Amino acid sequence: MTEAGVYIHVPFCAGVCDYCDFYSVPVMSADKRLDQFADMVLADLESSLNVHGISRVPTVYIGGGTPSVLGAARLSRLLTGVGDLLPDPQGLREFTLEANPESADEAVLRACRDYGVTRLSLGVQSFHEPSRRAVHRVGETALLPERLKLAAEIFGNALSLDLMTGLPFQTEPILLKDIEKALSYNPGHISLYALTIEENTPLAKVSRILPAPDEADRLWIAARDTLETAGYPQYEVSNFVLPGRQSAHNIRYWRMENWLGLGPGGSGTLIDDETGTGWRRTFIPNLDAWLDRDASRAIYTEEYLDQPALIQESILMGFRCLSGPDCALFEKRFHRPLESLIPQTLRRWKRRGLLQEHTLALTKEALLFLNIFLAEAFEELPHS
Ligand code: SF4
């Protein structure tokens, strides 16, 4: 049986936030490309499932962009279409859809629930109007309480909320107030992202309005500690959760388990556990080319992941989790224990008290220095 998660990238948003480097294009609801997208991505899903002989899809994740801008009618069609194409509907464990409050009205939320979505991930980012305005965050702040209340009524704690730290005009009391407000809707899951300034985003030009780096780090740590105290332990670099509410789909990425990626900007990876190698297809982030399907323009790139590349990626993804990489899976794929590849790095980090006692994983404090750990580990990895 070949099992794979499915990721569908919906490349549309109601506007463009200044810090964003995801691929999306701003659209109005009457844009005919929204209909074309829904039809074509379903055709691509059908063909990918067939070509790769996928017999079970345990998780589906519709992200973006902003899937909720498709509106209730198109979403109903898309969700029904995805459900109809699943080779083993009983095997589906989790079906996530990302939404933004400004387009997640009652009709959209009910369509999601009625047509198979089991987990809603809502992009809140902040309740603080000056911070939102400073980064041109799409959506009205005043709409948040009503939309969050509705989402919580419909999805209960199968609701995940995204929050951001390090925003302009954000102080610790403002951030902690944001967290208090978010938790008042009893979400099962919180993603806490530190604002990063990506090159070529408008925010890169006005970085002087942002908190200084030390202050931004302090804010993130204060938010982390507040979530943990509130009963949401951290389980990954940016993710906090009530018991049993982890994102099964994202766990597939962190374990490097098969997923198909569809839609412009979407990327999928299939792993051969026998040889410890992989194959990746990434759709080029160009909506018009993706819709045209003109044979003279490539719409995706393909990449072969040889064993060293896959080992590196498995370490990078696995150490993001507080439970660490799955050592048994690593050994099964690569025919050698993980510890044997980076013994000196592990010894050094253990000596500094930055590895957990009984699990091959970084401590919570060490996760703050994940990039340093990875740089040391990659340096030590055999290069063939
Ligand atoms: S809504 Fe999300 S995907 Fe769309 S522009 Fe803003 S940050 Fe990017």
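Note that the coordinates shown come from a computational prediction; the quantities given were computed from them, not determined experimentally. Note that ligands are numbered from 1 as they come in the structure, with each ligand's atoms numbered from 1 the same way.
- The closest approach between any non-hydrogen atom of Ala14 and ligand 1 is not below 4.0 Å.
- A perpendicular orientation is assigned to the rings of Tyr253 and His249, their planes being inclined by more than 60° (bins at 30° and 60°).
- Phe373 and Phe369 have their aromatic ring centers separated by at least 6.0 angstrom.
- Counting backbone and side-chain atoms alike, Cys20 contributes no N/O/S atom closer than 2.8 Å to atom 6 (Fe) of ligand 1.
- With ligand atoms numbered from 1 in the order given, ligand 1 contributes 1 (S), 4 (Fe) to contacts under 4.0 Å with heavy atoms of Thr66.
- Look at Cys17 and atom 4 (Fe) of ligand 1: no N/O/S atom of the residue is under 2.8 Å from the metal.
- Under the 6.0 Å distance and 45° angle rule, Arg347 does not count as a cation-pi partner of Trp349.
- Each of Thr226, Leu163, Leu192 was scored for a side-chain contact (heavy atoms from CB on, under 4.5 Å) with Phe240, with one residue passing: Leu192.
- The aromatic rings of Trp279 and His52 sit tilted relative to each other, their planes meeting at an angle between 30° and 60°.
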Q.
One pair to check against side-chain contact (heavy atoms from CB on, under 4.5 Å): Asn239 and Gln234. What are the steps and the verdict?
A. CA-CA 6 Å; Asn239 289 291; Gln234 184 180 13; over 6 Å; no

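- Between Arg352 and Glu365, none of the side-chain N atoms (NZ, or NE/NH1/NH2) sits under 4.0 Å from a carboxylate O, so this pair counts as no salt bridge.
- Interface atoms of ligand 1 facing Asn100, defined by a heavy-atom separation under 4.0 Å, are 1 (S).
- For ligand 1 and Arg137, the ligand atoms under 4.0 Å from any heavy atom of the residue are 1 (S), 2 (Fe), 6 (Fe), 7 (S).
- Which parts of ligand 1 touch Val138 is read off a 4.0 Å heavy-atom cut-off, strictly below it: atoms 1 (S).
- Contact annotation: Gly65 has at least one heavy atom less than 4.0 Å from an atom of ligand 1.
- Proximity to Cys13 (heavy-atom distance under 4.0 Å) selects the following atoms of ligand 1: 1 (S), 3 (S), 4 (Fe), 5 (S).
- Per-residue contacts place Gly15 under 4.0 angstrom from the following atoms of ligand 1 (heavy atoms of the residue considered): 5 (S).
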